[in-house]
Amino acid sequence: MIDYGLLDRTGRHVVLREIDDENWRAVADIAPLDGQREHVAALAARYLLLSMREGVWRSLAVQADAAVVGHVMWARDEDDGTYWLGGMVIDGPEQAKGLGRAAVRTLIAWLAQQDGCEAIRLSYHPDNAAAARLYTSLGFQPADASEGDEVVAELSA
Ligand SMILES: CC(C)(COP(=O)(O)OP(=O)(O)OC[C@H]1O[C@@H](n2cnc3c(N)ncnc32)[C@H](O)[C@@H]1OP(=O)(O)O)[C@@H](O)C(=O)NCCC(=O)NCCS
């Protein structure tokens, strides 16, 4: 469990948990709002499968007190040693409560402590205003790179 003692705006304790026999179904069912599906997968199940099949990304459950409320994943680029954050989805009805911010802050704090972490990268679609505002407010800055039609942003650890 990754726990930096952060709370959402309703006072719930936000932690990241490994995927296990207890939580995987709830994580798989995490879904963005309808209008957000053009930018992210329709269900977090897709990210779980990506983590399982390719062995590159590692999925985590976002948990608020006892409830599974989202999914996020991380990876290490073995070529340049950077760490990546991806698959950030907060379940539609749970959005705008401070969960996304708490989850990203928790993961970047933990990644910054991993071996050789000098930078954390992520990508988002330029039309995804919520993601752009969230990541920019946490210090991510545009990197000189792109991933398909997404912009890459970087935070120095
Ligand atoms: C992006 C996402 C993870 C944010 O999670 P959240 O729990 O709703 O966000 P929070 O309540 O913690 O808000 C964090 C910040 O995000 C930004 N934000 C959230 N919703 C927003 C919206 N509708 N419009 C603009 N900015 C928004 C704001 O900067 C906000 O900070 P503020 O409340 O201090 O202004 C969530 O909207 C989501 O799951 N979207 C669909 C999936 C997605 O786009 N993931 C990112 C892929 S790169």
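Order of listing sets the numbers, starting from 1, for every ligand and every atom in it.
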With heavy atoms of [X] as the reference, note each atom of ligand 1 found under 4.0 Å away.
X	value
L99	7 (O), 12 (O)
V89	39 (O)
Y135	46 (C), 48 (S)

**Request:** Verify the neighbour count for atom CD of Q114: are there more than 12 heavy atoms of other residues, nucleotides or ligands below 6.0 Å?
**Result:**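 Count over threshold, so yes.
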
**Message:** Counting neighbours of CG on D115 that are heavy atoms of other residues, nucleotides or ligands and sit closer than 6.0 Å, is the number greater than 12?
**Reply:**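 Counting neighbours around CG of D115, 12 or fewer heavy atoms of other residues, nucleotides or ligands fall under 6.0 Å, so no.
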
Which residue and non-hydrogen atom of the protein lie closest to [atom], and at what distance in Å?
atom	result
atom 16 (O) of ligand 1	L134 CB, 3.5 Å
atom 44 (O) of ligand 1	N128 ND2, 2.7 Å
atom 30 (C) of ligand 1	R101 NH2, 3.8 Å
atom 38 (C) of ligand 1	Q95 NE2, 3.5 Å
atom 41 (C) of ligand 1	Q36 OE1, 3.3 Å
atom 11 (O) of ligand 1	G98 N, 2.8 Å
atom 8 (O) of ligand 1	A96 N, 2.9 Å
atom 39 (O) of ligand 1	I90 N, 2.8 Å

**Request:** Would you verify that at least one protein heavy atom lies under 4.0 Å from atom 13 (O) of ligand 1, or report that none does?
**Result:** no

**Request:** Mark whether atom 2 (C) of ligand 1 lies under 4.0 angstrom from at least one protein heavy atom.
**Result:**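 Under the 4.0 Å cut-off, atom 2 (C) of ligand 1 has no protein heavy-atom neighbours at all.
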
Any side-chain donor paired with an acceptor under 3.5 Å for [X] and [Y]?
X	Y	answer
E150	S123	yes
H13	D8	no
T82	R76	no

Ligand 1-proximal atoms of [X], by part, heavy-atom distance under 4.0 Å:
X	value
S123	backbone
R133	both
D8	neither

**Message:** Taking the ring of W57 and the ring of W84, is the distance between their centroids below 6.0 Å?
**Reply:** no

**Request:** Report yes if some N/O of V40 lies less than 3.5 Å from some N/O of ligand 1; otherwise report no.
**Result:**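 Among all N and O atoms of V40, none is under 3.5 Å from an N or O of ligand 1.
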
**Request:** Check the pair L155, L138 against side-chain contact (heavy atoms from CB on, under 4.5 Å), reporting the backbone distance first and the verdict last.
**Result:** CA-CA 8 Å; L155 179 71; L138 290 172; 6.0 Å; no

**Message:** According to salt bridge (Lys or Arg N to Asp or Glu O under 4.0 Å), who are the partners of E94, at least two apart in sequence or on a separate chain?
**Reply:**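 Scan of E94 (salt bridge (Lys or Arg N to Asp or Glu O under 4.0 Å), adjacent residues dropped) gives R12, K97.
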
Should [X] and [Y] count as side-chain neighbours, where that means a heavy-atom distance under 4.5 Å?
X	Y	answer
V14	L7	no
V62	V68	no
H125	D149	yes

Just going by heavy-atom distances, which of [options] is nearest to [atom]?
atom	options	value
atom 7 (O) of ligand 1	G100, A31, A129, A132	G100
atom 25 (C) of ligand 1	A64, A153, S137, A130	A130
atom 45 (N) of ligand 1	M88, R37, K97	M88

**Message:** Under 4.0 Å, counting heavy atoms only: does R9 come that close to any atom of ligand 1?
**Reply:**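 Heavy atoms of R9 do come under 4.0 Å of ligand 1.
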
**Request:** Give a yes or no answer on whether the side chain of Q63 reaches the backbone of D65 with a donor-acceptor pair at less than 3.5 Å.
**Result:**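 Pair found, side chain donor or acceptor close to backbone of D65.
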
**Asked** Parallel, tilted or perpendicular for Y135 and Y124, by the 30°/60° rule?
**Response**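 Ring orientation, 0 to 90° scale: tilted.
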
